[in-house]
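Can you read through this structure? Questions will come right after.
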Amino acid sequence: MPGVTMSYHPATSEPHWQQAWADAESFRAVRDERPKYYVLEMFPYPSGRIHMGHVRNYTMGDVVARFKRAQGFSVLHPMGWDAFGMPAENAAMEQGGHPRDWTYGNIATMRDQLKPLGLSIDWSREFATCDDDYVAQQQALFLDFLDAGLITRKSAQVNWDPVDMTVLANEQVIDGKGWRSGAPVERKELTQWFFRISDYSDELLSAIDGLDGWPEKVRLMQQNWIGKSRGLQFRFQTVDAPDGFDEIEVYTTRPDTLMGASFVALSPDHPMVKQLAAGNAEIAAFIEECRRIGTTEEAIETAPKMGFDTGLSVTHPLDPDWKLPIWIANFVLMDYGTGAIFGSPAHDERDHEFATKYGLPIRATFGEKGMDLAAADGMVAKAPYVPLKSETVSYVRGFSGQPEQSGEAAVTAAIAHAEEQGYGEGVTKYRLRDWGISRQRYWGCPIPVVHCDSCGTVPEAKENLPVLLPQDVSFDQPGNPLDRHPSWRQASCPECGGAATRETDTMDTFVDSSWYYARFTSPHAATPTDRADADYWMNVDQYIGGIEHAILHLLYSRFFARAMVKTGHLPEQAKEPFDALFTQGMVTHEIYMTRDARGRPVYHLPEDVTDGTLADGTAVEVIPSAKMSKSKKNVVDPVNIVASFGADTARWFMLSDSPPERDVEWTSAGAEAAYKFLSRLWRLADDAPEGGDDPELTRSAHRAIADVTKSIESFAFNKAVAKLYELANAVGKSKAGGEARREVLRITAQLLAPMVPHLAEEIWAKSGGIGLVVDAGWPKADPALLVDDTVTLPIQINGKRRAEISVAKDMPKDEIESLVLADETVQKFLDGAAPKKLIVVTGRIVNVVA
RNA sequence: GCCCGAGUGGCGGAAUGGUAGACGCAGCGGAUUCAAAAUCCGCCGGAGCAAUCCAUGCCGGUUCGAGUCCGGCCUCGGGUACCA
């Protein structure tokens, strides 16, 4: 029985309180008269076991959930599983078995590991995105989106493994080769399904201004990702180009540099390049070489600049006698702008590198303020001149606006010039591309459409949903098992009733995670959402997750919420689904390494290393902390920590020391220290001497209430922890006894409850608390107990601290000034002279300028 | 490459432009103990006998005053559209 054990023993007390909460249904989310609060942590991928990163993430969310609950909110705090994805298929390939069994097995394991943490989760709302029901609702959403014109089909490039005959994910391409086959990967075009997120570019961009509860860094990243730009679109007239390519359309954000143009560069995927390649083996070979770079922006941008001179040319729009050569360049992206650019090497790093490599002219358009043509040309010969657009420069080859103006002004003037003369127009473009959701993989949500010879691509009828994955599949050969399944593809056309073929693409798993927050508001509804529940619970008041999701997941979710509003599945207010966002850091650990006979690294688990040596005495090399990963074996299993120290210790350690947004290093010393402190709290509550009041202790308790409340509200859990250490130290030192002491202990229990809920219940019970602390509400600080009558003012002389004085809190400035001037140290420094300046910052500091 | 962060004692970190190092870990000294563990008390950035000086990744700037603001770097981390 808790309360009568003689020492802190979480192994018995934690299950006891978890049972008490379960019996009281403390965490069941209900719609009632209280204001609601929806706290959500990014749901986990069921990889097999929970790790410390999960413990940290879910503990933080739990602190918020329990804190808000204590403050009188009706809290929704759910949990689910992001259950589709590649690892399940990889496991099936490597170890046999079925992705479904692997996934649900992992979920069962991880749920069992998560529950002992004592999280205040409403488990009745749990679901996995691979559940038939979730698949059904997601397919219903897809059909509604299709109907609303939010979905399109078009061609896109994928990584193609020519040996395995399969599409590879970017992470499966290593140094340009397929991870299994080792064959050089090719870019291949496929017709794919897309969500038309780019229709919402401007909306998603401008709405960022309203996301007050989001970190500035995430808002900035999203802004840059959407990438709104204003530029000039115009056409170069070609000379001797193939039929149908009399003009090449280009887009530039720097039309003011047009007079410094030295070449035109086309993407290897540009239609004219494809046309040229058909009749020119050299060009075809060059394109093939470019296509080996891979599909990622990173690979394309960091690859060495390669160009191919087509021998063709264009005429300059401002001078018909001026010819510019047409090159094909591997760094020009077909996805952005028009797939064609003009190079202006004097004012662009990449163009400069390209021009230098291929001996193309470098001609300055502008130079530093006051420079003439020769000086400007001289400056850009070795390196490009790329000042901020807001900086004023001297145009030496300008053609519109003033000779001296900012880049910004010159761009505007150049666009106006082009529109007047009729050779181009100002356009706004976005970097954001449509969201390709087609995956040529088995373990995902099937796209509910069929292909009919007579009707074309036809959406499946809603009454035929869900389209479920076939179970009888094997992963003993590469490629998508859906493609080779004997019968699954056979369907009938919902329009004509004739024979049709099922779509075998499944959806990107980002689709699954783009609306799970909405499903949690009514997880068992027969439609994707229930309107009354969505109205009550949306939006997510506090969303918590890793910074690695700052762009894709969060942007897709923002789009998806808008799409759900448009199709009537969410109320208008939910188009920005996350009111506040917090991004937490990773959990890291040192890496322990030895080397085998051939010098290859061998990694060791932390639990096998004591004082830098293995059990057999071999010394290990200690590598600085990095994100916990299985391959480096620098992992600490939360299950072991909970078994030896209890959940509260794991929780407390994850909250202490490091600020939540930063990485935290797991150390065994830190975990032991956490356990020691919790044991001390336990003893403190046990030791209840009779005695009287201690006004200082009461003041400490109320200061702690104020500080802990503020710290939790601002996500500074490490500071809340520090304040609770201070309070515990104050209790330990105080002579207070009896009810006065018990009252402070009850406050301590209330303040501890969001962080270490089991121990808080123990302390609450021992110190005469009624009922459960989880139902006790949040304490309020008495403002009268928070103010000090006197303050200590440091005295600086010329900015360096030299002395201090103690004054009444409300002493007028002139009195402080005379006290300061009378101070011995000040007089010594002034040496009889009058101070040049005397700065008194009330309640803060005094600075004497001698 | 591009976008976004972070960098403070031996270590994790604290500090509305106002006493740099709260709180904790490690370490050192003491109490208790036959002894140890546990616990409790004290000290704890560096140099110096001291006055004082040096110190928040590096270089410069703004300010009475900069860890904090501005400019330029370095290192590490996240993202880079099919990892989740």
Side-chain angles (χ1 to χ4, degrees), chain A residues 42 44-45 47 82 84-87 90 156 158-159 167-173 192 197 215-225 227 295-303 305 331 335 349-350 353 431-441 508-510 512-513 546-553 555-556 583 585-586 588 624 626-627 656-659 661-665 667 669-670 672-674 676-677 679-680 683 716 718-719 721-726 729 732 792-804 835-839 841 843-850:
Chain A
M42 291 178 186
Y45 177 78
S47 55
D82 188 12
F84 277 132
M86 286 201 311
N90 293 338
V158 294
N159 300 306
V167 177
L168 298 178
N170 286 334
E171 74 158 7
Q172 296 173 321
V173 179
Q192 311 256 286
I197 189 173
E216 188 54 32
K217 61 182 169 187
V218 176
R219 305 192 330 166
L220 256 177
M221 281 190 261
Q222 293 221 350
Q223 273 169 19
N224 291 334
W225 184 262
T295 57
T296 69
E297 188 193 47
E298 184 192 3
I300 293 168
E301 293 263 350
T302 54
K305 310 284 167 282
F331 58 82
D335 288 321
E349 291 281 353
R350 211 169 43 184
E353 192 185 330
R431 206 185 76 99
L432 180 64
R433 307 198 299 259
D434 278 336
W435 172 13
I437 60 153
S438 284
R439 296 293 181 271
Q440 293 70 42
R441 274 189 270 282
D508 177 10
T509 57
F510 272 125
D512 311 339
S513 55
I547 186 68
E548 67 272 21
H549 294 295
I551 296 175
L552 294 180
H553 162 61
L555 193 62
Y556 291 154
T583 56
M586 301 178 299
T588 66
K627 181 177 178 172
S656 41
D657 295 349
S658 285
E661 67 277 12
R662 247 196 260 174
D663 292 351
V664 62
E665 179 175 11
T667 62
E672 278 158 31
K676 277 186 196 174
F677 177 67
S679 304
R680 193 172 133 222
R683 287 194 305 273
N718 56 324
K719 284 188 257 174
V721 164
K723 295 300 173 189
L724 283 162
Y725 268 106
E726 284 179 0
N729 290 341
T792 303
L793 289 184
I795 301 176
Q796 290 186 337
I797 296 165
N798 294 329
K800 281 189 196 268
R801 184 185 168 282
R802 299 291 179 184
E804 60 182 36
K836 290 203 186 92
K837 211 168 174 182
L838 190 55
I839 296 151
V841 184
R844 276 286 176 192
I845 202 168
V846 180
N847 194 9
V848 182
V849 185

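Here is the naming used below: chain letters follow the sequence lines, and residue numbers restart at 1 for every chain. The figures here come from the full heavy-atom set of this structure, side chains too, leaving out hydrogens, waters and symmetry mates.
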Reckon A:Thr302 touches a base, only the sugar-phosphate, or nothing at all at heavy-atom distances under 4.0 Å?
-> base

No-hydrogen, no-angle side-chain donor-acceptor test under 3.5 Å, A:Asp663 and A:Ser658 = no

Separation between the C1' atoms of B:G17 and B:G78, rounded to whole Å = 30 Å

Verify the contact: side-chain N or O of A:Arg680 to OP1 or OP2 of B:C40, cut-off strictly under 4.0 Å; return yes or no.
-> yes

Look at all strands and tell whether A:Val218 reaches a base, only sugar-phosphate, or nothing, counting heavy atoms closer than 4.0 Å.
-> nothing

Look at A:Lys217 and B:G5 and indicate whether a side-chain polar atom (N or O) is within less than 4.0 Å of OP1 or OP2.
-> no

Please state whether the phosphate of B:G13, meaning OP1 or OP2, lies under 4.0 angstrom from any side-chain nitrogen or oxygen of A:Arg662.
-> yes

A:Lys836 NZ: over 12 foreign heavy atoms closer than 6.0 Å | no

Tell which nucleotide pairs with B:G27, taking only Watson-Crick or G-U wobble pairs whose two distances are both under 3.5 angstrom.
-> B:C43

Could you let me know what B:G7 is paired to, Watson-Crick or G-U wobble, both distances under 3.5 Å, or none if it's on its own?
-> B:C74

Would you mind classifying the nucleic acid contact of A:Lys723 as base, sugar-phosphate or nothing, using non-hydrogen atoms under 4.0 angstrom?
-> nothing

Is the distance from OP1 or OP2 of B:A84 to the nearest side-chain N or O of A:Thr509 less than 4.0 Å?
-> yes

What is the distance from CG of A:Asp657 to C1' of B:U8, rounded to the nearest Å?
-> 15 Å

Name the nucleic acid region contacted by A:Asn729, choosing base, sugar-phosphate or nothing; use a 4.0 angstrom heavy-atom cut-off, strictly under.
-> sugar-phosphate

Under 4.0 angstrom, heavy atoms only, what part of the nucleic acid is A:Asn170 near: base, sugar-phosphate, or nothing?
-> sugar-phosphate

Classify the nucleic acid contact of A:His553 as base, sugar-phosphate or nothing, counting any heavy atom under 4.0 Å across all strands shown.
-> nothing

Heavy atoms under 4.0 Å, any strand shown: does A:Leu432 hit a base, just sugar-phosphate, or nothing?
-> base

Using only side-chain N and O atoms of A:Ser658, determine if any of them is under 4.0 Å from OP1 or OP2 of B:G12.
-> no

Decide yes or no, distance alone: a donor-acceptor N/O pair under 3.5 angstrom between the base of B:C83 and the side-chain of A:Gln172.
-> no

Write down the distance between CG (A:Asn798) and P (B:U19), rounded to a whole number of angstrom.
-> 17 Å

With a 4.0 Å cut-off on heavy atoms, is A:Leu220 in touch with a base, just the backbone sugar-phosphate, or nothing at all?
-> sugar-phosphate

Taking atom P in both B:U68 and B:A15, compute the distance separating them and give it to the nearest angstrom.
-> 15 Å

Nucleotide B:C82, atom C1' - distance to CG of A:Asp512 in whole Å = 14 Å

Does the pair A:Glu216/A:Arg219 count as a salt bridge with the N-to-O cut at 4.0 Å?
-> yes

For A:Gly85, report the nucleic acid contact type (base, sugar-phosphate, nothing); a contact means any heavy atom under 4.0 Å.
-> sugar-phosphate

So do A:His549 and A:Val218 actually touch side chain to side chain, heavy atoms under 4.5 Å?
-> no

Which one is paired to B:A22, where only Watson-Crick or G-U wobble pairs with both distances under 3.5 angstrom count?
-> none

Under the 3.5 Å rule, do the base of B:C82 and the side chain of A:Gln192 count as making a donor-acceptor pair?
-> yes

Between B:G79, B:C82, B:G18, which nucleotide has the shortest distance from any of its atoms to the side chain of A:Ile551?
-> B:G79

For B:A14, take OP1 and OP2 only and decide whether either is under 4.0 Å from a side-chain N or O of A:Asn718.
-> yes

Euclidean distance, atom CD of residue A:Glu301 to atom C1' of B:U80 [Å, nearest integer] | 9 Å

Heavy atoms under 4.0 Å, any strand shown: does A:Pro659 hit a base, just sugar-phosphate, or nothing?
-> sugar-phosphate

With a 4.0 Å cut-off on heavy atoms, is A:Phe331 in touch with a base, just the backbone sugar-phosphate, or nothing at all?
-> nothing

If you look at every strand shown and take non-hydrogen atoms under 4.0 Å, does A:Ala673 touch a base, only sugar-phosphate, or nothing?
-> sugar-phosphate

Find the partner of B:C83: check Watson-Crick (N1-N3 plus N6-O4 or O6-N4) and G-U wobble (N1-O2, O6-N3) distances, both under 3.5 Å, and reply none if neither fits.
-> none

What distance separates A:Leu168 CG from A:Gln440 CD, expressed to the nearest 0.5 Å?
-> 10.5 Å

A:Val158 near the nucleic acid: base, sugar-phosphate alone, or nothing, with a heavy-atom cut-off under 4.0 Å?
-> base

Is the base of B:G48 syn or anti, if syn means a glycosidic angle within 90° of 0?
-> anti

Which part of the nucleic acid, if any, lies within contact of A:Val849, taking any heavy atom under 4.0 Å across all strands shown: a base, the sugar-phosphate backbone alone, or nothing?
-> sugar-phosphate

Think A:Asn224 has a side-chain N or O under 4.0 angstrom from the OP1 or OP2 of B:C2?
-> no

Round to a whole Å and report the spacing from CD of A:Glu298 to C1' of B:G77.
-> 14 Å

In whole angstrom, what separates A:Phe84's CZ from B:C82's P?
-> 18 Å

Can you find a donor-acceptor N/O pair under 3.5 angstrom joining the side chain of A:Arg844 to the base of B:U16?
-> yes

Does A:Arg802 place a side-chain N or O at less than 4.0 Å from the phosphate oxygens OP1/OP2 of B:C53?
-> yes

Presence of salt bridge, A:Glu297 and A:Arg431, under 4.0 angstrom | yes

Any side-chain N or O of A:Lys719 less than 4.0 Å from the OP1 or OP2 oxygen of B:A15?
-> yes

